[in-house]
Participant: 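Take a look at this one; I'll ask things after.
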Amino acid sequence: MREAPTTLPGFRLWPGLLDGAEQAALLAEVRQGLETAPLYRPLTPGGRPFSVRMSNFGALGWVSDRQGYRYQPTHPATGAPWPAIPARLLSLWDALTGWPGPPDACLVNLYQDAAKMGLHQDRDERDLTAPVLSISLGDTAVFRIGPAKGGATASVRLASGDVCALTGPARLARHGIDRLLTGSSRLLPGGGRVNLTLRVAS
DNA sequence: CAGTAGCG
DNA sequence: GGCT
């Protein structure tokens, strides 16, 4: 599968990398993990709820609450360790990133209806040179990305099966999700989008 | 604070 | 749409 050219150096995009069967198989593994680590709605440190629901796989999970942002080894509601990262995601990481080690965190974000994610930077990881890999499943999202220090952003549609990465000069790019194109995919029975974000947290 | 509103 |  070809890699598409992008405007921002270091932002890599592989449209349609996962075919329908691969998307369905991955989604089944995600659903299985979510039985152990149920989706929940986090709060910002200021106490406002996210519109997205979250969970995590891997040794460490990204969480937000009144205490702040951090990575922790257990689910905030159940106290249990996060489920393992599915092997096919680890293979994808190996195939697409040149990074010498595996990711130890996989954030699971579920967008439904009007859920969105404001512009932000991923900067809670110990080594900010390790890439971030993102997999989209379900409804197409309108993704926005711009330079780390502010300025003009670009809008990019992320469809089911697309994979993208923030690498090198784009590692600290500001990015977010403006909205979903509802009804654009039938992968999730009730509609919506699952985003999987692989990171080296520690 | 990965949220939101108001300004311009 | 970007900044505060």
Side-chain angles (χ1 to χ4, degrees), chain A residues 6-13 30 34 37-77 82 85 89 103-158 162-167 169-181 192-202:
Chain A
T6 62
T7 330
L8 196 69
F11 174 58
R12 307 181 65 186
L13 174 62
V30 169
L34 293 178
L39 292 161
Y40 63 98
R41 192 181 305 275
L43 298 178
T44 67
R48 294 179 170 270
F50 283 69
S51 57
V52 170
R53 289 193 294 158
M54 294 186 181
S55 187
N56 290 274
F57 301 150
L60 292 170
W62 186 87
V63 300
S64 172
D65 58 23
R66 300 153 205 79
Q67 320 303 327
Y69 304 148
R70 65 192 176 278
Y71 283 94
Q72 67 176 39
T74 55
H75 191 289
W82 305 105
I85 299 176
L89 289 178
D104 56 5
C106 176
L107 177 61
V108 181
N109 284 157
L110 174 66
Y111 295 80
Q112 284 185 309
D113 305 310
K116 55 191 164 48
M117 178 78 71
L119 274 189
H120 67 278
Q121 295 172 290
D122 290 13
R123 53 180 307 158
D124 300 315
E125 300 74 37
R126 180 126 67 202
D127 183 352
L128 295 178
T129 68
V132 172
L133 191 71
S134 164
I135 298 97
S136 295
L137 296 172
D139 283 335
T140 296
V142 181
F143 178 72
R144 179 167 297 281
I145 183 168
K149 295 184 175 179
T153 59
S155 182
V156 178
R157 281 143 97 114
L158 296 180
D162 290 356
V163 179
C164 65
L166 299 176
T167 72
R171 176 58 180 78
L172 290 176
R174 288 151 52 93
H175 59 283
I177 296 292
D178 288 345
R179 63 191 174 92
L180 295 187
L181 303 183
R193 169 178 185 259
V194 171
N195 184 67
L196 305 167
T197 309
L198 297 168
R199 305 191 183 97
V200 179
S202 65

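These numbers were taken from a predicted model, which means no experiment stands behind them. Every heavy atom of this structure was used, including side-chain atoms; hydrogens, water molecules and symmetry mates were not.
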Participant: Mind calculating the distance between CZ (A/Arg70) and C1' (B/dA2) to the nearest angstrom?
Facilitator: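 Atom CZ in A/Arg70 sits about 14 Å away from atom C1' in B/dA2.
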
Participant: How many angstroms lie between atom CG of A/Leu43 and atom CZ of A/Arg48, to the nearest 0.5 angstrom?
Facilitator: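 Result: 11.0 Å between the selected atoms.
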
Participant: For A/Asp127, does the CG atom have more than 12 heavy-atom neighbours from other residues, nucleotides or ligands under 6.0 Å away?
Facilitator: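 More than 12 heavy atoms, drawn from other residues, nucleotides or ligands, come within 6.0 Å of this atom.
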
Participant: Establish, yes or no, whether a centroid distance under 6.0 Å links the rings of A/Phe11 and A/His175.
Facilitator: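 No: the rings miss the under 6.0 Å criterion.
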
Participant: Measure from CZ on A/Arg179 to C1' on B/dG3 and round the result to the nearest Å.
Facilitator: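 In whole Å, B/dG3 C1' and A/Arg179 CZ are 20 Å from each other.
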
Participant: Which pairs count as salt bridge (charged side-chain N to carboxylate O under 4.0 Å, His left out) when at least one residue sits in residues 137-150 of chain A, sequence neighbours excluded?
Facilitator: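 Output for this query lists A/Arg144-A/Asp178.
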
Participant: Calculate the interatomic distance between A/Arg174 atom CZ and B/dC1 atom P; express it in whole Å.
Facilitator: 15 Å

Participant: Within the 4.0 Å heavy-atom criterion, would you say A/Thr153 contacts the bases, only the backbone, or no part of the nucleic acid?
Facilitator: sugar-phosphate

Participant: Would you mind classifying the nucleic acid contact of A/Thr44 as base, sugar-phosphate or nothing, using non-hydrogen atoms under 4.0 angstrom?
Facilitator: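 Here A/Thr44 touches the backbone only, sparing every base.
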
Participant: Within this structure, what is the CZ-to-P distance between A/Arg48 and B/dT4, rounded to whole angstrom?
Facilitator: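 Answer to the nearest Å: 7 Å.
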
Participant: Measure the distance from CZ on A/Arg66 to P on B/dA2 and round it to the nearest whole Å.
Facilitator: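 Nearest whole value for this atom pair: 17 Å.
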
Participant: With the threshold set at under 4.0 Å for non-hydrogen atoms, list the residues of residues 113-142 of chain A touching DNA chain C in residue-number order.
Facilitator: none

Participant: Which is true for A/Gly150 with a 4.0 Å heavy-atom rule: it touches a base, it touches only sugar-phosphate, or it touches nothing?
Facilitator: sugar-phosphate

Participant: For Watson-Crick and G-U wobble pairs within 3.5 Å on both distances, what is DNA chain C written in dot-bracket notation, | included for inter-strand pairing?
Facilitator: .|||

Participant: With a 4.5 Å limit on heavy-atom distance, are the side chains of A/Leu133 and A/Thr197 in contact?
Facilitator: no

Participant: How far apart are the closest heavy atoms of A/Val200 and A/Pro103, and which atoms are they?
Facilitator: CG2-CA, 4.0 Å

Participant: Rounded to the nearest angstrom, tell me the gap between atom NZ in A/Lys149 and atom C1' in C/dG2.
Facilitator: 18 Å

Participant: Applying a 4.0 Å non-hydrogen cut-off, can you work out what A/Gly146 is touching in the nucleic acid: base, sugar-phosphate, or nothing?
Facilitator: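 No contact at all - A/Gly146 keeps every heavy atom at 4.0 Å or more from the nucleic acid.
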
Participant: With a 3.5 angstrom cut-off on both distances, give the Watson-Crick or G-U wobble partner of B/dC1, or none if there isn't one.
Facilitator: none

Participant: Answer yes or no for A/Arg41 and A/Phe50: cation-pi contact, defined as NZ/CZ to six-membered ring centre under 6.0 Å and angle to ring axis within 45°.
Facilitator: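 No, A/Arg41 and A/Phe50 do not form such a contact.
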
Participant: When rounded to the nearest 0.5 angstrom, what is the spacing between CG in A/Asp113 and CG in A/Leu180?
Facilitator: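 So the gap between those two atoms works out to 8.5 Å.
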
Participant: For A/Asp178 and B/dA2, give me the distance from atom CG to atom C1', rounded to whole Å.
Facilitator: 14 Å

Participant: Which residue in the set A/Asp124, A/Asn109, A/Asn56 passes side chain to side chain donor-acceptor pair (under 3.5 Å) when paired with A/Trp62?
Facilitator: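 By the side chain to side chain donor-acceptor pair (under 3.5 Å) criterion, A/Trp62 pairs with just one of A/Asp124, A/Asn109, A/Asn56: A/Asp124.
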
Participant: When all nucleic acid strands are considered with a 4.0 Å heavy-atom cut-off, which category describes A/Arg53: base, sugar-phosphate, or nothing?
Facilitator: nothing

